[in-house]
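Lettering follows sequence order; numbering is per chain, from 1.
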Amino acid sequence: MIKVYNTLTRKKEELNTLEPHKVKMYVCGPTTYNYIHLGNARPLVVFDIIRRYLQYRGYEVTYVQNFTDVDDKIINRALEKGIPASELACKYVEEYFRDADALGVKRAEFYPRVSEHMPDIIQVIQGLIDKGYAYQVEGDVYYRVNAFNGYGKLSGRSLEEMLAGARVEVDERKEHPMDFALWKKAKPGEPYWDSPWGPGRPGWHIECSVMSMKYLGDTLDIHGGGADLIFPHHENEIAQSEAYTGKPFARYWLHNGFITVNREKMSKSLGNFFILRDILDKYPADTVRFYLAATHYRSPLDFDNTKLEEAGRALGRLKNTLRRMDELLPEQVEPGVLDEAGQAFLDVLDRLRQEFTAAMDDDFNTARAMGCLFDMAREINSYLDSRAGGLNPPARVAINRARQVFTDLGERIMGILKLRTETGAGLVDEMLGILVELRGTARQNRDYTTADRIRDFLVASGVNVEDTSRGTRVTYEQVPEVARVIDFLLGWREEARQARDFTTADAIRDKLVAAGVTVKDTREGVRWSIDSAGKLS
RNA sequence: GGGCGAGUGGCGAAGAGGCUAACGCUGCGGUCUGCAAAACCGCCAUUCACCGGUUCGAGUCCGGUCUCGCCCUCCA
């Protein structure tokens, strides 16, 4: 039984979907006038995990996320840049996808855009006018909040309360100060669409009402977004949709908490925001995803770089466990039977799997669920340590199943365990391989000075070195510079030559050549070049 | 002013009436290792902002105080 915290009722409620085993989900997407910032990225990851989890629990999820690509901010920005608003909006939709893809956010079923739904929007506005929920004034159309008696139910305040501390400038033409625009008359030079009320564009809230109902029906199961959308955006969506259809709009309203910086909300107006693209330049995307998922979605999340460093180390622990299993597991695990120890091991994992599920069932408690993954990692590592000599067939069967469970939860649901496939690192890996070989020889000869010099270089280059029972493993978060590694190798060769150790010197050169690096000893010193660009790709 | 929410170890973060206050990071000790790294084992909150109350029993419920954040205006 899945429970979700519903902003509408301020309680955790059992998730009962409209149709059994189906979830209709709508999440408010960005207004596309800039790159998204980290605060925008939180709901992407949060609702992506919620969606993945619901699927894991057997729901068929229809996920819709809109793009608000018609908006004052877009128009203003486009004006500044001297390009059409539509072009600007389009560009940032594309940029959005680059960011979302990097974070491992699965594609939605539908990505409706305002610009492509004008007839639908106009039809709903007309319907609201016909029913007496809206009125037009000089080419503008306003929603009549007094006509909808549930107004304020989501944000938990009455119209009177809103007026009490209101900071709204009163537009004399409006019947009620809280009435909001459904259609805005175009000013000269602004993009516009024709309508029964004259040329103009939709107000901010109407598009979500229209597009969600178009793709998901009059009533949706889950409507999500950031907590700052509760009022006025979602409140107004409810007013529009329910007035239009006479039916409940969304059964469950889920809202994620903010990202803060120095405990202040990260926001565009405060200027304390971090563009996601910049963060992704410095930190791996899975680290960022882990950071966003390691705290419960409704809690505030304070940001600074040290939090990402910590997230990277924590996630590294989980990934290390996966890597250890992969190193010991052959491509194909032959079917076999478990032994007693293996069964006991799997029983423990299964208990943890159940704890994980219970945590996620309880309003998607990813923080607690992550705790279960760390418990699992420890169990798996322990089991692996106890079989350091190598895996016998029953142990292989056990580890194979353990891997399945671990990745099911960690990758399929959380989306944080995909080990980056090092692309473009082919040559670097070959160079590192040569160094590992050289160091291995030195260690065999108990020449630890040499061995440590190589390791020191590797570590200084950002490469981790671990000597395991099965050999030396080198890993890195960021691909080290090829040139740096080659220079080091050639420096090493030069030393060997000076010491008249031509065996070593020639071996290094031969290996470089074999890897596609040409080495020339010129009068000015050593020159090298990479044979074919193909090697780098 | 009105509405909402939060205050848990050095840090981050779960727990929402009752087994030893998860988990991660950091630090310390140990095992393993040529030394490391990784991994494993152990240690690090008699106490959950403060004061009262309810209860056999309260981080967990109630009342009050303090501090902080958010919304009421574009914002995920």
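- Checked against the 6.0 Å centroid threshold, A/F303 and A/F274 count as a close aromatic pair.
- Rounded to whole Å, the separation between the P atoms of B/G9 and B/G53 comes to 25 Å.
- Spacing between B/G15 and B/U47 at atom C1', rounded to whole Å, works out to 14 Å.
- Nucleic acid contact class of A/N365 (heavy atoms, under 4.0 Å, all strands): sugar-phosphate only.
- Proximity of residues 33-51 of chain A to RNA chain B (heavy atom under 4.0 angstrom from any strand atom) is restricted to A/H37, A/G39, A/N40, A/P43.
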Derivation of the salt bridge (charged side-chain N to carboxylate O under 4.0 Å, His left out) call for A/K282 and A/D278:
CA-CA 7 Å; A/K282 293 182 200 128; A/D278 296 339; over 6 Å; no
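- A donor N or O paired with an acceptor N or O is found under 3.5 Å between the base of B/C35 and the side-chain atoms of A/D467.
- Nucleic acid contact for A/K73: sugar-phosphate only, since backbone atoms but no base atoms lie under 4.0 Å from a heavy atom of the residue.
- Taking the nucleotide of RNA chain B with the nearest heavy atom to each of A/A377 and A/A314, the more 5' of the two is matched to A/A314.
- For A/K265, counting side-chain heavy atoms from C-beta on, the closest listed nucleotide (B/G34, B/C70, B/C40) is B/C70.
- Remark: A/K265 qualifies as a cation-pi partner of A/F258 under the 6.0 Å distance and 45° angle criteria applied to the six-membered ring.
- In this structure, A/R263 does not reach the B/G7 phosphate: none of its side-chain N or O atoms is under 4.0 Å from OP1 or OP2.
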Given pairs defined as Watson-Crick or G-U wobble with both distances under 3.5 Å, what dot-bracket annotation applies to RNA chain B, with ( ) intrastrand, [ ] crossing, | other strand and . unpaired?
((((((((.[[[..)..(....]]].(((((.......))))).....[[[[[..)....]]]]])))))))....
Go through it in stages, so that I can follow the logic: the residues are A/N236 and A/Y151, the test is side chain to side chain donor-acceptor pair (under 3.5 Å), and I'd like the CA-CA distance, side-chain angles, deciding distance and then a yes or no.
CA-CA 8 Å; A/N236 291 353; A/Y151 196 74; 2.4 Å; yes
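- No engagement by A/I230 is indicated, since no non-hydrogen atom pair under 4.0 Å with the nucleic acid exists.
- For B/G15, the base adopts the anti conformation, since its glycosidic angle falls more than 90 degrees from zero.
- Across all strands shown, A/R439 has heavy atoms under 4.0 Å from base atoms, whether or not it also approaches the sugar-phosphate.
- Counting any heavy atom pair closer than 4.0 Å across all strands shown, A/R455 reaches a base atom.
- A/T295 comes within 4.0 angstrom of sugar-phosphate atoms only, judged by non-hydrogen atoms across all strands, and of no base.
- Evaluation of atom-type donor-acceptor distances gives no pair under 3.5 Å for the side chain of A/E310 against the base of B/G12.
- A donor N or O paired with an acceptor N or O is not found under 3.5 Å between the base of B/G12 and the side-chain atoms of A/D302.
- Using a 4.0 Å heavy-atom distance criterion, A/Y448 is classed as a base contact.
- The P atoms of B/G18 and B/C32 are separated by 43 Å, rounded to the nearest whole Å.
- Whole-Å rounding puts the A/D375 CG to B/C23 C1' distance at 6 Å.
- Across all strands shown, A/F258 has heavy atoms under 4.0 Å from base atoms, whether or not it also approaches the sugar-phosphate.
- The base of B/C71 lies close enough to the side chain of A/R157 for a donor and an acceptor atom to sit less than 3.5 Å apart.
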Hey, mind stepping through A/E237 and A/S209 against side chain to side chain donor-acceptor pair (under 3.5 Å) and telling me if it holds?
CA-CA 5 Å; A/E237 279 185 51; A/S209 283; 4.8 Å; no
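- Within the cation-pi definition used here (under 6.0 Å to the ring centroid, within 45° of the axis), A/R298 qualifies as a partner of A/Y5.
- Salt bridge present: A/D375 and A/R378 bring a charged side-chain N and a carboxylate O closer than 4.0 Å.
- Among A/I50, A/L254, A/D221, the single residue meeting the side-chain contact (heavy atoms from CB on, under 4.5 Å) criterion with A/M25 is A/I50.
- In this structure, the ring of A/H234 has its center less than 6.0 angstrom from the ring center of A/H255.
- If you check distances only, the side chain of A/R443 does reach the base of B/G34 with a donor-acceptor pair under 3.5 Å.
- A/L373 comes within contact range of no nucleotide atom at all, as no heavy-atom separation falls under 4.0 Å.
- At least one side-chain nitrogen or oxygen of A/R317 sits closer than 4.0 Å to the OP1 or OP2 atom of B/C40.
- Two rings, from A/H223 and A/Y26, have their centers less than 6.0 Å apart.
- One cannot find a donor-acceptor pair under 3.5 Å joining the base of B/C74 and the side-chain atoms of A/K268.
- Atom CH2 of A/W253 and atom C1' of B/A76 are 14 Å apart (whole Å).
- Within the nucleic acid shown, A/N256 comes within 4.0 Å of at least one base atom, counting heavy atoms only.
- Rounded to a whole Å, the NZ atom of A/K307 is 8 Å from the C1' atom of B/C11.
- A salt bridge links A/E95 to A/R98: one of the charged nitrogens lies within less than 4.0 Å of a carboxylate oxygen.
- Nucleic acid contact for A/T306: none, since no nucleic acid atom lies under 4.0 Å from a heavy atom of the residue.
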